[in-house]
Amino acid sequence: MVLSAAAHDQIREEIGHYPNPRGALLYALHVARDETGRLDREIFAELGEHFGMSAGEVAEVASFYSIFNQPPAKAIVQVCTGLPCCLKGARGIVREAEKLTGAKSGTVSADGRFAMVEVECLGSCGTAPVVQINRNPYIERVAPDSLVTLLASPGAAIEARPPAPLVSQIPDGVEAYLLPPNGERRLAIDEYKRAGGYQAVVKAGAMEPKDIAATVKDAGLRGRGGAGFATGLKWTFMPPPDGGPRYLAVNCDESEPGTFKDRQIMERNPHLVLEGVMIASMAIQASAAFMYIRGEYVVAYRIMREAIREAYAVGILGENALGFNRRFDIHIQPGAGAYICGEESGMLESMEGKKGQPRKRPPFPAQRGLWQRPTTVDNCETCAQVPAIIMNGVDWYKARGMPNSFGNTLFGISGHVKRPGIYELPLGVKMRDLIYKYGGGLEEGRTVKAVIPGGISMPVLRGDQIDVPVDHESLKTVNTLLGTAGAIVLDDRACMVRAALVIARFFEHESCGQCTQCREGTGWTYRTLKRIEAGEGRPEDLETLADTFNFMDGKCICALADGASWAARAFLKQFRADYEAHVSARKCPFPESFAV
Ligand SMILES: Cc1cc2nc3c(=O)[nH]c(=O)nc-3n(C[C@H](O)[C@H](O)[C@H](O)COP(=O)(O)O)c2cc1C
Ligand code: SF4
Ligand code: FES
């Protein structure tokens, strides 16, 4: 046996939470990786015993996830090179770390101490640049000269790190209901109850499930996970109960560069999320809820697990759960480094302990979701919106925001602004205010060249379009979308081909590979942009790129390919002159641009 008896006990305990043991497979792989620092055939065979799987079957699942496929070393130094981190100097961090560790990016140092890995967005874009060593809490706002201490003794430096900066804020004059007061975390259940928490779930418990769904539908709540679908309406898609289990699956995978709001809410107000999950579960008459938290969010995962433990300890969850008059459970599962597991059906596959490859639809999750049973998927922040709606009513909710985009939301702002962070504001704030009033504006003398409004899949805007209100309908008038409301700002020095290249690299890396158009199209886009950026582009490359986007768009199993093509097409359309200048100058004409 390679793993300790304690590790096996932990795995057995976790298996008890799932209708099928495989629900605990990713958890088990994490336990094994954290304890031994490796994952190999021997360990796969040992884990397989718990799940009735062969070593090969476990290996197949593990092969899908970045976290389970890192080079073996004592300290795996993961530097985020997503777009917001690149805009804040991530390349300089990689270079300095390579020098100090003696390991080139993607390799292990000769003494086996360090592995250098460039990773995609860690969901902390407001504190870019970000480094994570093994599965430890992040080191945020890393300066190149701080790496000497960090890498001399990573364990001690992580222990001594300052507390994670609270980058989420309630601006003056905003009536907030998502974030706790500025500077505070509301982690303990008593604190949450003192602030009025767990009253909405009691109120909802006295309502008919259909009335809860109708209230949320009438309030016009739209999902905060990116697609903006009407939440109350989605809840009505669940079939009538048939006596069997039915589930709520809560999406806390948050992996799209520019998006870092769910982490803030989980780390600062975990019981609000739980209360929202409970009410949503009542509305759909779920027998249990499962939360899927991205694997890198070790702190949020710990905080949510502790909040759940506390909720059981005081009888809010479990037998006769608050408001349910029956047993109700919430379980929590870790992801393992795959953006595609945020796509709802990819997430369901991953939750079942499989590769996170999206499912073909129909059947939709409401018909056949988790373990083939009716399931609703809601985003983490979407759930957190629900208690305020139930407590205060439809008119109260609709009094904030814009037509068809009601309520507050957690706006993100990152990139070239002085005060990147999360701001709780009503939908419809002007992009200009988000950048200048809340985000603190740009460095002296700099102007906005571009802004991506909501995570990198959303079509980019030019600097002369920032007077648009940021809500679903207004953004459509400028041919873009709200997405996750995480804006990324690029100043006038930035090379747009380079920005498009970093984004294309992300999609190429994250495509699950099932659809030819996505697999080939994301790779082709990345390689073509790389050539153009290096000054080796040809005039006809721009037409080839446009053809590639058409080849990908609307033809695949899930919307990753659409997002990849929308993003790349918008950069080419809005900033074609930048592309042409690269081709004619045969080099990048923006010497002061951020490095990739
Ligand atoms: C490639 C891809 C990645 C996604 N990632 C996330 C994610 O990390 N978190 C999330 O809530 N939704 C994500 N979504 C959207 C989900 O598929 C789904 O629409 C959402 O979780 C539903 O919740 P909502 O209605 O509350 O927004 C993603 C979609 C796609 C196509
Ligand atoms: S579109 Fe891309 S990510 Fe989505 S299923 Fe197809 S190959 Fe996978
Ligand atoms: S944390 Fe680095 S890009 Fe998001």
Side-chain angles (χ1 to χ4, degrees), residues 78-88 90 93 118-132 138 140 142 221-235 249-263 276 280 292-294 296 335 338-349 355-360 365 376-386 412 414-415 420 455-457 483-484 486 488 502 506-508 510-522 552-565:
Q78 300 153 94
V79 184
C80 175
T81 49
L83 182 61
C85 279
C86 280
L87 295 173
K88 291 285 191 184
I93 302 293
E118 289 179 40
V119 292
E120 295 298 349
C121 180
L122 288 169
S124 192
C125 322
T127 55
V130 185
V131 170
Q132 183 175 33
Y138 297 163
E140 305 181 56
V142 181
L221 172 62
R222 295 178 69 166
R224 301 311 202 236
F229 195 81
T231 303
L233 178 65
K234 190 199 293 187
W235 292 352
V250 187
N251 194 339
C252 313
D253 193 51
E254 180 157 87
S255 310
E256 177 145 329
T259 312
F260 51 105
K261 66 195 176 68
D262 293 340
R263 173 180 169 217
Y292 184 91
I293 301 190
R294 65 175 297 178
E296 296 86 348
Y339 164 68
I340 196 57
C341 293
E343 193 280 336
E344 60 180 17
S345 66
M347 182 180 82
L348 298 179
E349 286 287 292
K355 295 189 281 184
Q357 290 183 314
R359 298 176 179 172
K360 290 173 274 298
T376 293
V377 179
D378 285 327
N379 163 261
C380 174
E381 185 196 336
T382 308
C383 293
Q385 297 270 346
V386 173
S414 62
I456 56 164
S457 328
T484 55
I488 306 169
V502 181
F506 173 82
F507 286 116
E508 192 252 356
E510 300 299 332
S511 165
C512 84
Q514 283 190 96
C515 317
T516 306
Q517 293 93 330
C518 176
R519 188 180 62 240
E520 299 299 323
T522 52
M552 291 159 72
D553 216 354
K555 301 186 180 64
C556 297
I557 293 173
C558 89
L560 181 140
D562 301 340
S565 62

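FYI, the numbering just counts along the sequence from 1. Whatever order the structure lists ligands and atoms in, that order sets their numbers, starting from 1. None of these values were measured; they are calculated from a predicted model.
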When you look for heavy atoms under 4.0 Å from ligand 1, do you find them on the side chain of Ser255, its backbone, both, or neither?
backbone

Atom pair CD (Glu118) and CD1 (Ile93), whose distance is rounded to the nearest 0.5 Å:
12.0 Å

Is Asp378 paired with Lys234 through a side-chain N to carboxylate O contact shorter than 4.0 Å?
yes

Using a 4.0 Å heavy-atom cut-off, say whether Thr382 meets ligand 1 through its side chain, its backbone, both or neither.
side chain

Can you tell whether the side chains of Glu349 and Arg359 come within less than 4.0 Å, N to carboxylate O?
yes

Shortest non-hydrogen contact from Gly82 toward Val502
C-CG1, 4.1 Å

Can you find an N or O of Asn251 that's nearer than 3.5 Å to an N or O of ligand 1?
yes

Can you name the atoms of ligand 1, numbered from 1 with element, that are less than 4.0 Å from a heavy atom of Val377?
21 (O), 22 (C), 23 (O)

Carefully, step by step, assess Val131 and Gln78 under the rule side-chain contact (heavy atoms from CB on, under 4.5 Å).
CA-CA 6 Å; Val131 170; Gln78 300 153 94; 5.9 Å; no

At less than 4.0 angstrom from any non-hydrogen atom of Asp378, what atoms of ligand 1 do you find?
23 (O), 26 (O)

Under 4.0 Å from one or more heavy atoms of Cys85, ligand 3 contributes atoms 1 (S), 2 (Fe), 3 (S)

Between the SG atom in Cys80 and the CD atom in Glu140, the distance rounded to the nearest 0.5 Å is 11.5 Å

Side-chain ion pair, Lys261 and Glu381, N-O less than 4.0 Å
yes

About how many Å separate CD of Gln514 and CD1 of Ile340, when rounded to the nearest 0.5 Å?
8.5 Å

For Cys80, counting its heavy atoms only, list the atoms of ligand 3 lying under 4.0 Å from any of them.
1 (S), 2 (Fe), 3 (S)

Under a 3.5 Å threshold, yes or no: a donor from one side chain and an acceptor from the other, between Glu508 and Thr522?
no

Side chain, backbone, both or neither: which applies to Ile340 and ligand 2 if a contact is any heavy-atom pair less than 4.0 Å apart?
side chain

Closest to atom 17 (O) of ligand 1 (heavy atoms only, candidates Glu381, Glu344, Met347) is Glu344

For residues Pro84 and Ala128, report the shortest heavy-atom separation together with the two atoms involved.
O-CB, 3.8 Å

Compute the minimum heavy-atom distance from Lys234 to ligand 1 and say whether it is under 4.0 Å.
yes

Does Cys558 have a heavy atom less than 4.0 Å from any atom of ligand 1?
no

Non-hydrogen atom of Pro257 closer than 4.0 Å to ligand 3
no

Just checking: Cys125, one of its N/O/S atoms, less than 2.8 Å away from atom 4 (Fe) of ligand 3, yes or no?
yes

Considering non-hydrogen atoms of the protein only, which is the closest contact for atom 29 (C) of ligand 1, and what is the distance?
Glu343 CA, 3.8 Å

Quick one: nearest non-hydrogen protein atom to atom 23 (O) of ligand 1, plus distance?
Asn379 N, 3.2 Å

Please determine if Gly225 has a nitrogen or oxygen closer than 3.5 Å to a nitrogen or oxygen of ligand 1.
yes

Could you check Phe260 against Ser124 for side-chain contact (heavy atoms from CB on, under 4.5 Å), going step by step and ending with a plain yes or no?
CA-CA 5 Å; Phe260 51 105; Ser124 192; 5.5 Å; no

Tell me, which protein residue and heavy-atom name are nearest atom 8 (O) of ligand 1, and how many Å apart are they?
Glu254 N, 3.0 Å

Could you list which atoms of ligand 3 come closer than 4.0 Å to a heavy atom of Pro84?
3 (S)

Is Thr231 in contact with ligand 1, taking contact as a heavy-atom separation below 4.0 Å?
no

Are Arg224 and ligand 1 in contact, using a heavy-atom cut-off of under 4.0 Å?
yes

Test log, rule side-chain contact (heavy atoms from CB on, under 4.5 Å), inputs Glu344 and Tyr292
CA-CA 10 Å; Glu344 60 180 17; Tyr292 184 91; over 6 Å; no

Taking 4.0 angstrom as the limit, do Glu510 and Arg519 come out as a salt bridge?
no

Please state which protein non-hydrogen atom is closest to atom 28 (C) of ligand 1 and give its distance, to 0.1 Å?
Gly342 O, 3.5 Å

Would you mind listing which atoms of ligand 1 come within a distance below 4.0 Å of any non-hydrogen atom of Asp253?
8 (O)

Here atom 6 (Fe) of ligand 2 sees protein N, O or S atoms within less than 2.8 Å, and their number is 1

Considering non-hydrogen atoms only, spot the tightest contact between Gly415 and Leu87 and give its length.
CA-CD1, 3.8 Å

Contact between Thr81 and Val119 at the side-chain level, heavy atoms closer than 4.5 Å - yes or no?
no

Could you check whether Glu120 and Tyr339, counting side-chain N and O atoms only, form a donor-acceptor pair closer than 3.5 Å?
no

Starting at OG1 of Thr484, measure out to CD of Glu256 and round the result to the nearest 0.5 Å.
5.5 Å

